[in-house]
Amino acid sequence: MPDIADLRLEHLLCDIDAEGIATVTLNRPAKRNALNAATIEELVALFSALPVSGARAVVLRAEGPHFCAGLDLVEHGQSERSPAEFMRICLRWHEAFNKIEYGGIPVIAALRGAVVGGGLELASSVHIRVMDETTYFGLPEGQRGLFTGGGATIRVPQLIGKARMIDMMLTGRLYSGDEAVAVGMAQYRVPDSEAKAYELARACARNTPLSNFAICSGISHMQNMSGLDAAYAEATLAGIVNTQDAAKGRLESFAKGTAVKIKPD
Ligand code: 1HE
């Protein structure tokens with residue numbers, strides 16, 4: 001597994017601070033962070049390396065006023081791809097976004113501006129979405145003569161339901177503001193999505209890495225199983241996580257009455 005410092009990143013930036021909070025930046029602002037094939041390969045490489053890098057949480061942010069304008073329409077239009085070639089490209093998108101969703105470390109997206117098409121596919125693969133006042137969500141595939149290829153048909157209905165997704169794709173409907181939170185596009189809407197994303201990342205990083213691994217990998221896997229199998233997998237995972245040495249001190253401090261109480265502020 002290459003070290004993150006050895007990855008030759010052209011369209012992404014990555015930095016890990018002393019607390020283990022990694023910042024991943026989409027860094028094609030002049031192209032509104034449109035996802036070309038090279039960026040997808042960088043996402044695959046980076047999110048393969050991050051879970052074994054010691055990072056405890058990731059903030060996924062973007063340069064410029066827009067989080068991500070989706071598929072690089074210019075590259076796609078000029079590439080004359082065959083159906084088989086584009087199917088392979090889509091499988092690389094799945095690889096990248098599965099690394100994010102199933103990688104076992106919390107990934108928090110700090111959203112702003114356009115989160116559209118493949119940009120929404122990317123955002124829907126992270127664990128927590130934070131939007132600001134400028135953020136809007138769209139699936140303009142119908143208007144472009146295209147179809148989703150980066151996992152939206154699986155992840156977007158899990159967030160907002162099938163009927164809303166189909167409406168967005170057919171009519172170009174956009175979601176923003178309170179409505180976007182109410183339908184489930186984002187969990188937080190704040191003036192500064194990056195500041196909130198870092199606050200949440202630091203909260204996640206205080207958990208044990210094994211708990212975070214179970215939360216950020218196990219829940220998604222269990223959604224793919226039958227109820228009976230998911231219950232068995234849950235019990236197996238809880239057997240491992242809930243008996244970990246790293247939890248012992250936390251349980252002892254609860255028994256002594258010195259642990260934090262779970263109450264609203
Ligand atoms: C791009 C892209 C792109 C911008 N591919 N180059 N996604 C879309 O349908 C959204 C397409 N983008 C837009 O609607 C607008 O660009 C935005 C609303 C996001 C931003 O508008 P604005 O006025 O700030 O920027 P702009 O002037 O439109 O674009 C600035 C540059 O970014 C310009 O390049 P330039 O060289 O002429 O300066 C644009 O061409 C470029 N740019 N968006 C390529 N998407 C796996 S299947 C997934 C299918 C989809 O994702 S469909 C949804 C595609």
Side-chain angles (χ1 to χ4, degrees), residues 10-13 25-47 60-102 109-126 129 131-160 162 164-177 179-180 185-186 193-194:
E10 190 186 339
H11 305 303
L12 304 175
L13 302 172
T25 300
L26 304 175
N27 194 28
R28 286 186 90 205
K31 299 295 176 189
R32 306 305 184 253
N33 299 311
L35 296 170
N36 58 0
T39 304
I40 293 294
E41 290 308 319
E42 291 185 17
L43 285 168
V44 172
L46 184 53
F47 279 94
L60 177 62
R61 64 176 294 278
E63 273 307 303
H66 296 286
F67 178 73
C68 178
L71 174 70
D72 188 320
L73 296 170
V74 177
E75 178 185 77
H76 181 62
Q78 293 175 350
S79 297
E80 305 277 351
R81 290 161 171 155
S82 69
E85 282 166 347
F86 195 64
M87 182 181 171
R88 285 183 197 285
I89 297 251
C90 290
L91 292 175
R92 297 305 285 167
W93 283 52
H94 293 303
E95 183 76 13
F97 299 169
N98 287 343
K99 295 278 182 211
I100 294 172
E101 180 175 353
Y102 294 90
L111 303 174
R112 63 160 73 112
V115 184
V116 299
L120 178 52
E121 297 187 297
L122 169 59
S124 64
S125 71
V126 312
R129 279 156 292 279
M131 63 183 283
D132 71 7
E133 309 302 324
T134 68
T135 307
Y136 61 95
F137 301 90
L139 289 171
E141 279 81 352
Q143 292 151 279
R144 302 287 187 212
L146 303 173
F147 188 66
T148 55
T153 54
I154 299 123
R155 294 191 178 97
V156 174
Q158 288 175 342
L159 295 180
I160 64 168
K162 181 177 76 173
R164 287 195 187 94
M165 179 186 180
I166 291 175
D167 178 21
M168 290 172 78
M169 291 187 72
L170 286 176
T171 67
R173 180 172 181 170
L174 302 176
Y175 281 98
S176 61
E179 190 184 29
M185 288 289 191
S193 56
E194 288 193 13

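All values below were derived from every heavy atom in this structure, side-chain atoms included, with hydrogens, water molecules and symmetry-related copies excluded. Residues: numbered from 1 along the sequence shown. When a ligand or atom number is given, it counts from 1 through the structure's own listing order. Owing to the predicted nature of the structure, the values given are computational and were not obtained by experimental measurement.
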* Note the single closest protein heavy atom to atom 44 (C) of ligand 1, along with its residue, its atom name and the distance in Å. => Asp72 OD1, 3.3 Å
* Structure fact -> atom 13 (C) of ligand 1: closest protein heavy atom, distance to 0.1 Å, is Arg144 NH2, 4.2 Å
* To do: Output yes when a side-chain donor or acceptor of Arg129 lies under 3.5 Å from a complementary backbone atom of Met185, and no otherwise.
  => yes
* To do: Look only at the side chain of Asn33 and the backbone of Arg28, and say whether a donor-acceptor pair between them is shorter than 3.5 Å.
  => yes
* So, the side chain of Ser176 versus the backbone of Tyr136: is there a donor-acceptor pair under 3.5 Å, distance only? -> no
* Counting both backbone and side chain atoms, is some N or O of Ala69 under 3.5 Å from an N or O of ligand 1? -> yes
* Heavy-atom contacts with Gly70 under 4.0 Å: which atoms of ligand 1 show up? List them by number with element. => 51 (O)
* Asked: Phe147 and Thr153: which non-hydrogen atoms are nearest, and at how many Å?
  -> CZ-CG2, 3.8 Å
* Within the side chain of Asp132, is there an N or O that forms a donor-acceptor pair under 3.5 Å with the backbone of Thr135? -> yes
* Residue and atom name of the nearest protein heavy atom (relative to atom 6 (N) of ligand 1), distance in Å to one decimal -> Val74 CG2, 4.0 Å
* To do: Using a strict cut-off of 4.0 Å, indicate which atoms of ligand 1 neighbour a heavy atom of Tyr136.
  => 18 (C)
* If only atom types and distance count, is the side chain of Glu121 paired as donor or acceptor with the main-chain N or O of Ala152 below 3.5 Å? -> yes
* To do: May I ask whether Ala30 places a heavy atom under 4.0 Å from ligand 1?
  => yes
* To do: Give the residue, atom name and distance (to 0.1 Å) of the protein heavy atom nearest atom 34 (O) of ligand 1.
  => Lys31 NZ, 3.4 Å
* Protein heavy atom under 4.0 angstrom of atom 47 (S) of ligand 1, is there one? -> yes
* Structure fact -> The protein heavy atom nearest to atom 50 (C) of ligand 1 is Glu141 OE2, 3.4 Å
* Do the side chain of Glu141 and the main chain of Met169 share a donor and acceptor less than 3.5 angstrom apart? -> no
* Nitrogen or oxygen atoms of Gly118 and ligand 1 under 3.5 Å apart -> yes
* Asked: Is atom 39 (C) of ligand 1 in close reach of the protein, with a heavy atom under 4.0 Å away?
  -> no
* **For ligand 1, the portion of Trp93 having any non-hydrogen atom under 4.0 Å away** => side chain
* **Polar proximity ligand 1 side, Leu71 side, N/O cut 3.5 Å exclusive** => yes
* **Under-4.0 Å heavy-atom contact between protein and atom 11 (C) of ligand 1** => yes
* Asked: Glu121: heavy atom below 4.0 Å from ligand 1, yes or no?
  -> yes
* To do: Look only at the side chain of Arg144 and the backbone of Pro140, and say whether a donor-acceptor pair between them is shorter than 3.5 Å.
  => no
* To do: Using a strict cut-off of 4.0 Å, indicate which atoms of ligand 1 neighbour a heavy atom of His66.
  => 20 (C), 24 (O)
* **For atom 5 (N) of ligand 1, closest protein heavy-atom neighbour** => Leu73 N, 2.9 Å
* atom 24 (O) of ligand 1: the protein heavy-atom neighbour that sits closest, reported with distance to 0.1 Å -> Arg32 NE, 2.9 Å
* Give the numbers and elements of all ligand 1 atoms closer than 4.0 Å to a heavy atom of Ala34. => 2 (C), 3 (C), 5 (N), 44 (C), 45 (N)
* Does a side-chain N-to-carboxylate-O contact under 4.0 Å join Arg112 and Glu133? -> no
* **Thr39 side-chain N/O to Leu35 backbone N/O, donor-acceptor pair under 3.5 Å** => no
* To do: Check whether any side-chain N or O of Glu85 sits under 3.5 Å from a backbone N or O of Ser82 as a donor-acceptor pair, and report yes or no.
  => yes
* Asked: Does any non-hydrogen side-chain atom of Phe97 lie less than 4.5 Å from one of Arg155?
  -> yes
* To do: Would you tell me whether Thr25 and Arg61 have side-chain atoms, one donor and one acceptor, within less than 3.5 Å of each other?
  => yes
* Asked: Heavy-atom distance from atom 32 (O) of ligand 1 to the protein below 4.0 Å?
  -> yes
* Asked: What atoms of ligand 1 come within less than 4.0 Å of a heavy atom belonging to Phe147?
  -> 47 (S)
* Please state whether the rings of Phe86 and His76 are parallel, tilted or perpendicular, taking 30° and 60° as the class boundaries. => tilted
* Asked: Is it true that Phe67 lies under 4.0 Å from ligand 1, counting heavy atoms only?
  -> no
